[in-house]
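All figures in this text were calculated on a predicted structure; none of them were measured in a lab.
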Amino acid sequence: MLDLGRLRALHAVAQHGSVGAAATALGYTPSAVSQQIAKLERETRTTLLERRGRGVALTDAAHLLSATAGQVLALVEHAEVALEEQRGAAVGELRVGAFATAARGLLPATVVRLAERHPQLDVRLVELDPPDCLEAVARGELDLAVTHDWVNAPLAVPEPVSRARLGEDVADVLLPAGHPLADRESVAPEDLAGERWICQPEGTICHDWLVNTFRGADMEPDLAFRIAEYETQLALLAKGIGVALLPRLGRGALPDSVRAVPFRPTPTRRVFAVWRTQAGRRPAVTATLAALRDCWEQRETA
């Protein structure tokens with residue numbers, strides 16, 4: 001009888017391309033993953049990993065076993081969902097991912113609500129960028145995630161994943177209080193020509209939205225400061241440095257030295273919950289979706 005945990009470890013290495021990446025995804029140490037696969041090799045009397053330079057590569061037998069492991073893991077998940085559905089209670093572990101501002105501005109209230117309504121549900125939260133959330137859900141490493149995209153920077157959803165929109169999050173232009181535009185009722189792209197922008201690093205959805213928006217107005221933004229942390233962006237703004245576009249979700253109170261000015265056309269990002277389609281009947285998933293919707297609505301009316 002092959003051990004399910006060892007099959008999961010092999011499947012993770014095949015999915016992520018290395019023992020280290022598989023360990024990160026599974027929440028183990030690399031040595032623990034290596035030990036699991038070594039035991040699987042002894043069980044199957046088959047070489048599964050070969051040394052290649054500083055890394056490892058899967059053998060043909062490992063690829064075959066990994067593909068079968070994926071099918072087995074899917075069947076196990078289906079059985080778990082069916083049992084939980086029959087019990088009708090949201091119980092057990094639920095692995096949730098969320099992008100940074102949702103983890104800060106939406107998930108705390110959601111986790112509290114779930115603890116009050118479903119005390120036997122063990123929520124585990126990890127902060128990830130939206131594309132990483134989607135991949136982790138599709139691979140079965142997360143049960144549910146909160147992601148976002150922009151109309152001009154859409155995020156493709158893989159086929160085994162379902163999604164539901166929670167709402168829209170508006171972003172404002174943030175300016176130092178002494179900026180000439182700080183007291184305007186609104187600003188447009190042409191008002192900000194020549195400004196030095198503080199933005200997310202290249203490859204992020206927020207970065208792509210900013211670039212696409214200004215290129216749509218036949219302008220090229222000057223991305224002088226590429227900063228991932230919103231708190232660092234605010235620190236620069238508070239010292240009179242640059243301008244930025246920050247969403248309202250999870251933003252918190254602004255320093256007195258920073259002003260938020262509406263942007264026209266209004267930039268909104270679409271916020272979604274995503275989960276594997278076959279797990280959609282699981283009470284833990286449906287309960288979490290309900291809690292997310294309730295907390296989003298309360299946030300909007302607050």
> Using 0.5 Å steps for rounding, measure from the CG atom of D122 to the CD atom of E93.
5.5 Å
> Identify whether V187 and V211 are in the same connected component of the hydrophobic contact network (ILVMFWY, side-chain heavy atoms under 4.5 Å).
yes
> I need the minimum non-hydrogen distance between T46 and A61, along with the two atoms involved.
CG2-CB, 3.5 Å
> Do R264 and T266 meet the criterion of a side-chain donor-acceptor pair at a distance under 3.5 Å?
yes
> Given side chains that start at C-beta, do those of L48 and V13 come closer than 4.5 Å, heavy atoms only?
no
> Atom CG of D149 and atom CD1 of I205: how far apart are they, to the nearest 0.5 Å?
6.0 Å
> Within the side chain of S66, is there an N or O that forms a donor-acceptor pair under 3.5 Å with the backbone of A62?
no
> Scan E43, Q35, H11 and name whichever one has a side chain to side chain donor-acceptor pair (under 3.5 Å) with R6.
E43
> Step by step, would you call L94 with R282 a side-chain contact (heavy atoms from CB on, under 4.5 Å)?
CA-CA 10 Å; L94 187 80; R282 184 183 172 192; 3.7 Å; yes
> Starting at OG1 of T147, measure out to CG of L155 and round the result to the nearest 0.5 Å.
6.0 Å
> Write down the atom of A138, the atom of R276, and the distance for their closest heavy-atom approach.
O-CD, 4.2 Å
> Distance from H179 atom NE2 to L192 atom CG, nearest 0.5 Å?
7.0 Å
> Parallel, tilted or perpendicular: which describes the rings of W197 and F214, with under 30° parallel and over 60° perpendicular?
perpendicular
> Spell out, yes or no, whether L254 and L249 are grouped together once hydrophobic residues are joined by side-chain heavy atoms under 4.5 Å, including indirect joins.
no
> Side-chain contact test, heavy atoms from C-beta onward, threshold under 4.5 Å: evaluate it for W150 versus T213 and give yes or no.
no
> Over all heavy atoms of both residues, which pair between H148 and C206 is shortest? Give the atoms and the distance, please.
CE1-SG, 4.1 Å
> Show your reasoning for whether side-chain contact (heavy atoms from CB on, under 4.5 Å) applies to L142 and L128.
CA-CA 11 Å; L142 292 176; L128 292 171; 4.0 Å; yes
> Quick one: pull up CD1 in I241 and NZ in K239 and give me the separation to the nearest 0.5 Å.
8.5 Å
> Does R269 offer a backbone N or O that forms a donor-acceptor pair with the side chain of E168 under 3.5 Å?
no
> Main chain of D183, side chain of R259: is a donor-acceptor contact present, judged purely on distance under 3.5 Å?
no
> Any salt bridge between D294 and R113, counting N to O under 4.0 Å?
yes
> Does D172 reach the side chain of L245, with side-chain heavy atoms less than 4.5 Å apart?
no
> Restricting to non-hydrogen atoms, name the atom on R196 and the atom on F225 that form the minimum distance, rounded to 0.1 Å.
NH2-CZ, 3.6 Å
> Does one hydrophobic cluster hold both V258 and I198, with members joined at side-chain heavy-atom distances below 4.5 Å?
yes
> Out of curiosity, does L166 fall in the hydrophobic cluster containing V137 (side-chain heavy atoms, cut-off under 4.5 Å, transitive links)?
no
> Identify the heavy atoms of Q36 and A9 that sit nearest to each other, and give their distance.
CB-CB, 3.9 Å
> Using a 6.0 Å cut-off, check whether atom CD of Q120 has over 12 heavy atoms from anything other than its own residue.
no
> Do L181 and V173 have side-chain heavy atoms sitting under 4.5 Å apart?
no
> For a 4.5 angstrom cut-off between non-hydrogen side-chain atoms, does L7 reach L73?
no
> Are the side chains of F99 and T204 in contact, using a 4.5 Å heavy-atom criterion?
no
> Are there over 12 heavy-atom neighbours, none belonging to E159, within less than 6.0 Å of that residue's CD?
no
> Please check if the side chain of S257 supplies one atom and the backbone of A177 the other of a donor-acceptor pair under 3.5 Å.
no
> Strictly distance-based, threshold 3.5 Å: is any side-chain N or O of E41 a donor or acceptor partner for the main-chain N or O of L49?
yes
> Flag the pair W275 / L289 as yes when at least one side-chain heavy-atom distance between them is below 4.5 Å, and no otherwise.
yes
> Check whether any side-chain N or O of D129 sits under 3.5 Å from a backbone N or O of P131 as a donor-acceptor pair, and report yes or no.
no
> Between L107 and V123, does the side-chain contact (heavy atoms from CB on, under 4.5 Å) criterion hold? Intermediate values first, please.
CA-CA 11 Å; L107 267 298; V123 178; over 6 Å; no
> How far does CZ of F272 sit from CG of L292, to the nearest 0.5 angstrom?
14.0 Å
> Please check if L26 and V126 belong to a single hydrophobic cluster, counting links between Ile, Leu, Val, Met, Phe, Trp and Tyr side chain heavy atoms closer than 4.5 Å.
no
> For a side-chain contact (heavy atoms from CB on, under 4.5 Å) check, start with the C-alpha distance between V72 and L75, then their side-chain angles and the critical distance, and finish with the verdict.
CA-CA 5 Å; V72 170; L75 286 171; 5.6 Å; no
> Examine distances only and state if a side-chain atom of T59 and a backbone atom of T47 form a donor-acceptor pair shorter than 3.5 Å.
yes
> Assess whether atom CD of E220 is packed by more than 12 heavy atoms of other residues, nucleotides or ligands within 6.0 Å.
yes
> Quick one: does R51's side chain get under 4.5 Å of V56's, heavy atoms only?
yes
> For P201 versus H207, what's the shortest heavy-atom pair and its separation?
O-CB, 3.3 Å
> Hey, which of R299, R248, R270, R251 is the one that makes salt bridge (Lys or Arg N to Asp or Glu O under 4.0 Å) with D169?
R299
